[in-house]
Amino acid sequence: MDVDLQEIVDSIDKDQHIGEAIKKYWGLRLIRQNPWECIVSYICATYKSIPAIKSMLNNMAKKFGERVALDGLDFYTFPECEKLADTSVEDLSACGLGYRAKYVLETSKKILESNFNFENLTKMPYLKAKKTLMDFPGIGAKVADCILLFSLDKNEAFPVDVWVKRVILNHYADKLPKVLVKKLCARESLSSGEYEKLNSFGRNHFGRYAGYAQEYLYHFERMTI
DNA sequence: ACCCAGGAATTGT
DNA sequence: ACAATTCATGGG
C-alpha cells in the first residue's frame, strides 16, 4: 500500500485494452510475498489449476508448518526452508505435489546448503536475478518472473502464462511479427525463445511497471470467460 | 469417467 | 535453436 498506484497505473495505460482493464479493476495491487513461500508456491503452480495449488500449499502447511490459534480457529504457518529440506519426496508427494515434490525438495536443500540470501536478488538487475533463480530445479522463466514480481520487487517482470498468452494473441497480435503469431497459434506450449519474446514485448510495451500491467490483464482475462 | 491445469525438464530433430 | 514428449495428481 506504500506505492503511488495512480502514478503506476498512468504509466502502464498504453492502449485501449489495458485501459479497459484498469478502469474495471482499479485498485488491484501487487503483493510483496515472503520470497521462500513464493518460490515453493510457484514451483507447485506449474501445470496445475489454482484450486489444486491452494490445496497443495495448505497440505504442506498443515503437515510441516506450525499451528497458530487465532480467535478460536487453527491456522498453520508456511514451513521454513529447513523444514522442507528435511522431508522426503514421499512426504511431499503425499501433499499432492506429484512430480513437483522432487523439485521442491531439491531446491530446499540447495537453498539451505548454499546459505542462499534472497536480499542479494533484490540488489541484482532484473535479468541477472532471473538467471540466478533459473538455476534451481523446477524454476523456469515463467516461475522466475513470478517470484521476482511477487516477492522481490522487480516491477518490470512480466510473467507469461496460458492466460497472458491468450491476452496477447487476442488483443496485441498486431504488435508482434506475423510469423511468431502463427507459431503461437499452432502449438499450445511455449518454447523458451517464444516465452522470452512475449516477455520482452510486455516489458517494452508497458515499461518499468509491466508487472502491474500483467496483473490487470491477467485478472481481466480470467473474469471474462 | 472424463478433462485439463498461472510449465519445466528431457529427449529427439 | 526449435519441436515433441513426458511428467503425477486433483478439482471441476
Side-chain angles (χ1 to χ4, degrees), chain A residues 21 25 28-31 33 35 37-63 87-111 130-152 154 157-170 176-177 179-202 210-225:
Chain A
Y25 297 108
L28 181 64
R29 289 168 181 266
L30 288 171
I31 58 170
Q33 194 179 17
E37 181 172 354
C38 193
I39 286 175
V40 177
S41 299
Y42 279 95
I43 288 178
C44 290
T46 65
Y47 203 45
K48 268 294 185 187
S49 68
I50 291 171
I53 297 163
K54 285 183 184 175
S55 166
M56 293 159 62
L57 295 171
N58 278 326
N59 291 340
M60 279 190 278
K62 273 183 193 169
K63 194 164 288 188
T87 63
S88 65
V89 173
E90 290 74 25
D91 288 337
L92 292 172
S93 195
C95 296
L97 299 206
Y99 62 87
R100 302 160 198 80
K102 183 179 57 179
Y103 298 148
V104 170
L105 185 61
E106 287 178 2
T107 291
S108 299
K109 287 180 177 174
K110 199 170 169 183
I111 286 178
K130 183 169 174 176
K131 283 179 180 171
T132 304
L133 281 171
M134 287 172 69
D135 279 337
F136 291 100
I139 302 183
K142 189 268 175 180
V143 170
D145 275 325
C146 288
I147 296 164
L148 292 170
L149 182 61
F150 300 127
S151 73
L152 294 169
K154 300 295 183 198
F158 190 82
V160 179
D161 63 2
V162 291
W163 294 94
V164 175
K165 180 189 168 188
R166 286 170 197 160
V167 174
I168 294 177
L169 285 177
N170 290 336
L176 296 172
V179 209
L180 177 59
V181 175
K182 257 193 151 180
K183 282 186 184 176
L184 294 175
C185 293
R187 287 179 301 106
E188 268 305 315
S189 64
L190 290 175
S191 71
S192 58
E194 289 164 352
Y195 179 91
E196 293 307 327
K197 281 173 185 161
L198 297 183
N199 175 262
S200 57
F201 159 73
Y212 277 85
Q214 192 268 7
E215 282 308 281
Y216 277 89
L217 294 174
Y218 170 86
H219 189 63
F220 184 63
E221 194 71 11
R222 282 182 60 88
M223 289 302 148
T224 54
I225 289 297

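For the numbers below, each heavy atom of this structure counts, side chains included, while hydrogens, waters and symmetry mates do not. Quick note on labels: first sequence line is chain A, next is B, and so on, each numbered from 1.
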Original post:
Distance between the P atoms of B:dA9 and C:dG10, in whole angstroms?
Top reply: 22 Å
Under 4.0 Å between any heavy atoms, over every strand shown, what does [X] touch: base, sugar-phosphate, or nothing? Just pick one.
X	answer
A:Y218	base
A:E196	nothing
A:V160	nothing
A:A101	nothing

Original post:
What residues form a salt bridge (charged side-chain N to carboxylate O under 4.0 Å, His left out) with A:E194, not counting sequence neighbours?
Top reply: A:R187
Subject >> Residues which pass salt bridge (charged side-chain N to carboxylate O under 4.0 Å, His left out) with A:K165, listed by chain and number, not counting sequence neighbours >> reply: none
What is the separation between atom [atom1] on [X] and atom [atom2] on [N], rounded to the nearest whole Å?
X	N	atom1	atom2	answer
A:I53	B:dC4	CD1	C1'	13 Å
A:Y103	C:dT6	OH	C1'	10 Å
A:K165	B:dA5	NZ	C1'	14 Å
A:R166	B:dC4	CZ	P	11 Å
A:L198	B:dG7	CG	P	14 Å
A:E106	C:dC7	CD	C1'	14 Å
A:L57	C:dT9	CG	P	17 Å
A:K102	C:dC7	NZ	P	10 Å

**OP:** Report the C-alpha distance between A:C44 and A:L97 in whole Å, list the side-chain angles of each, state the deciding distance to 0.1 Å, and finish with yes or no for side chain to side chain contact (heavy atoms under 4.5 Å, CB included).
**Re:** CA-CA 7 Å; A:C44 290; A:L97 299 206; 3.8 Å; yes
Just how far is it from atom [atom1] of [X] to atom [atom2] of [Y], taken to the nearest 0.5 Å?
X	Y	atom1	atom2	result
A:L198	A:L176	CG	CG	6.5 Å
A:N199	A:D145	CG	CG	4.5 Å
A:K183	A:S191	NZ	OG	7.5 Å

**OP:** Find which nucleotide of DNA chain B each of A:G138 and A:C146 is nearest to by heavy atoms, and output the residue with the more 5' nucleotide.
**Re:** A:C146
**OP:** State which residues pass side chain to side chain donor-acceptor pair (under 3.5 Å) with A:E106; sequence neighbours excluded, sorted by chain then number.
**Re:** none
Subject >> Of A:Y212, A:Y218, A:F220, A:Y216, the residue whose pairing with A:L28 passes side-chain contact (heavy atoms from CB on, under 4.5 Å) >> reply: A:Y216
Please enumerate all protein N or O atoms sitting under 3.5 Å from an N or O of nucleotides 10-12 of chain C, with distances to 0.1 Å.
unit_1 : atom_1 : unit_2 : atom_2 : d
C:dG11 : OP1    : A:S55  : OG     : 2.9

Original post:
Choosing from B:dG7, B:dA9, C:dC2, which nucleotide comes nearest the side chain of A:Y47?
Top reply: B:dG7
Original post:
When you measure from every atom of DNA chain C, which of residues 182-194 of chain A have a heavy atom less than 4.0 Å away?
Top reply: A:K183, A:R187, A:G193, A:E194
**OP:** Decide if atom NZ of A:K110 counts as having more than 12 heavy atoms of other residues, nucleotides or ligands within a radius under 6.0 Å.
**Re:** yes
Original post:
Under 5.5 Å between ring centres and under 30° between planes: true for A:Y99 and the base of C:dA8?
Top reply: no
Subject >> Which residues share a ring-ring contact (aromatic ring centres under 6.0 Å, His included) with A:F150, sequence neighbours left out >> reply: A:Y42
